[in-house]
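Shown next, in structure tokens, is the structure this report addresses.
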2 protein chains.
Amino acid sequence: MSPRSAGRSAILPMTHTGPVRSSSAERVLDVAENLVAQRGFNAVSYADIAAQLGVSKPALHYHFAGKGDLGSALITRYASRFGAALTALDAAGTAPQTRLEGYAALYLAVLEEDRMCLCGMLAAEYRTLPTPMQDAVRDFFAANEAWLCTVLRDGRADGTLQFHGSPPDTAAMIIGCLEGAMLVARPFHDTARFKAAADNLLAGLTAA
Amino acid sequence: MSPRSAGRSAILPMTHTGPVRSSSAERVLDVAENLVAQRGFNAVSYADIAAQLGVSKPALHYHFAGKGDLGSALITRYASRFGAALTALDAAGTAPQTRLEGYAALYLAVLEEDRMCLCGMLAAEYRTLPTPMQDAVRDFFAANEAWLCTVLRDGRADGTLQFHGSPPDTAAMIIGCLEGAMLVARPFHDTARFKAAADNLLAGLTAA
DNA sequence: GTCTATACAGCGATAGAC
DNA sequence: GTCTATCGCTGTATAGAC
């Protein structure tokens, strides 16, 4: 495995499906996504991205006219990659509990790269984002919640999952718990802290 | 109730104990805390704070030499206020479940002012903060976790609370769930979303 | 304790050559 | 598609008067 493909899979673990066309724009997004997920959208500059790529700032403007355009593209790509990962978890007749574990594992994978969930980060900065980015962040969470609802309903139907509230309310709790556990784990540089919270969450949802 | 005291109680609900000495430095912190909790530390400038106070930028530098000093003071004051609120919840022989509900209510009060938890916001920006601020953020969460552990142990001892993991692991899940539910609720401008997640969380911890 | 004035670095963005 | 050069603005911070 070449250094580059190792680097890519570290950044894009959810859809790494073999031979990847890595256009200049894609490489910009790769670097930007990594920086934004670590430091936040407002703390990342064109200069930062250009420096890591070894190009000049105007080269970035050629691909993304304004910073807001770059940000929107970032979310779009992240959301579609995340969505593909969720679809993959639905394959065959995977048990609801297994799908839930897979969902938590997606978050853990991000945290282990010392990154925050891109949309969790952007949710914190929400009030300072351009409107298109705000809408895209909201859509991301809505899609996650919808997917979780189907898993929860399946699990309640076949008796493998148990929970007190409605599926949407429980889905909101699951997303919140995982995003928040990531958020709090990072200051402690402690992935075990996240795992403990996630395991605890799943244990509470598993039928005895 | 004067407009000013109304404003103060909206910003400082946790320790509003009557006649308040409102030195210039305190007023700077009031405005800064509100702005940072809404927009993030990196998205708030001396100019923003000075404008809301109706003073000049150098006036702020007189009270807080650098932005890092202001940020550290912000966390210190927030943490001590939060700590006092937790101590208040321990009064008399309050039931563990009631203390837990009170804890969640503290978060809800912040969200209803359309703010993020100050330290939750700073956790997102963690990688970009000066070291003293990073340490203070970590201490805040550690203190919260310690307090929750005592509540959880009390509740397990008297049989009013039930949970699968250890008290520290469960405490990490509770903090994560509440911080994350706030984080995700803000893009939806929807406090009901937070309440649902919090109620769901507490229901899972309450002994049947 | 607050002001005016200013220094200086960094930001996003554009013009125009290649 | 990428470069050099540069613009206008905003950021934190300081000097010195009052």
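None of the values given here were measured: they were computed from a predicted structure. Protein chains get the first letters and strands the later ones, always in sequence-line order, with residue 1 at the start of each.
Here B:Met173 contributes atom CE and A:Leu201 contributes atom CG; the two are 6.5 Å apart, rounded to the nearest 0.5 Å.
A salt bridge does not link A:Arg193 to B:Asp169: none of the charged nitrogens lies less than 4.0 Å from a carboxylate oxygen. Under the 4.0 Å criterion applied to side-chain N and carboxylate O atoms, B:Arg138 and B:Asp135 are assigned as salt-bridge partners. The pair A:Arg127-B:Asp114 meets the salt-bridge criterion, with a side-chain N (NZ, NE, NH1 or NH2) lying under 4.0 Å from an Asp/Glu carboxylate O.
Nucleic acid contact class of A:Val28 (heavy atoms, under 4.0 Å, all strands): none. Residue contacts for B:Tyr46: at a heavy-atom cut-off of 4.0 Å it reaches the sugar-phosphate backbone alone, with no base atom in range.
Here the closest heavy-atom approach between residue B:Pro132 and residue B:Ser72 is recorded as CB-OG, 3.8 Å. Nearest heavy-atom pair across B:Met133 and B:Ile75 is O-CD1, 3.6 Å.
Straight-line distance from the CZ atom of A:Phe41 to the P atom of C:dG12: 8 Å, rounded to whole Å. For the pair A:Lys57 NZ and C:dA15 C1', the computed distance is 14 Å after rounding to whole Å. With rounding to whole Å, A:Tyr62 atom OH is found 18 Å from C:dA13 atom P.
The nucleotide range of DNA chain D contacted by chain A, defined by atoms under 4.0 angstrom from heavy atoms of the protein and reported 5' to 3', is D:dG1 to D:dA5.
Of the residues near DNA chain C, A:Ala47 and B:Ser56, the one whose nearest nucleotide (by heavy atom distance) lies more toward the 5' end is B:Ser56. Mapping B:Pro58 and A:Val44 onto DNA chain C by nearest heavy atom places B:Pro58 closer to the 5' end of the strand.
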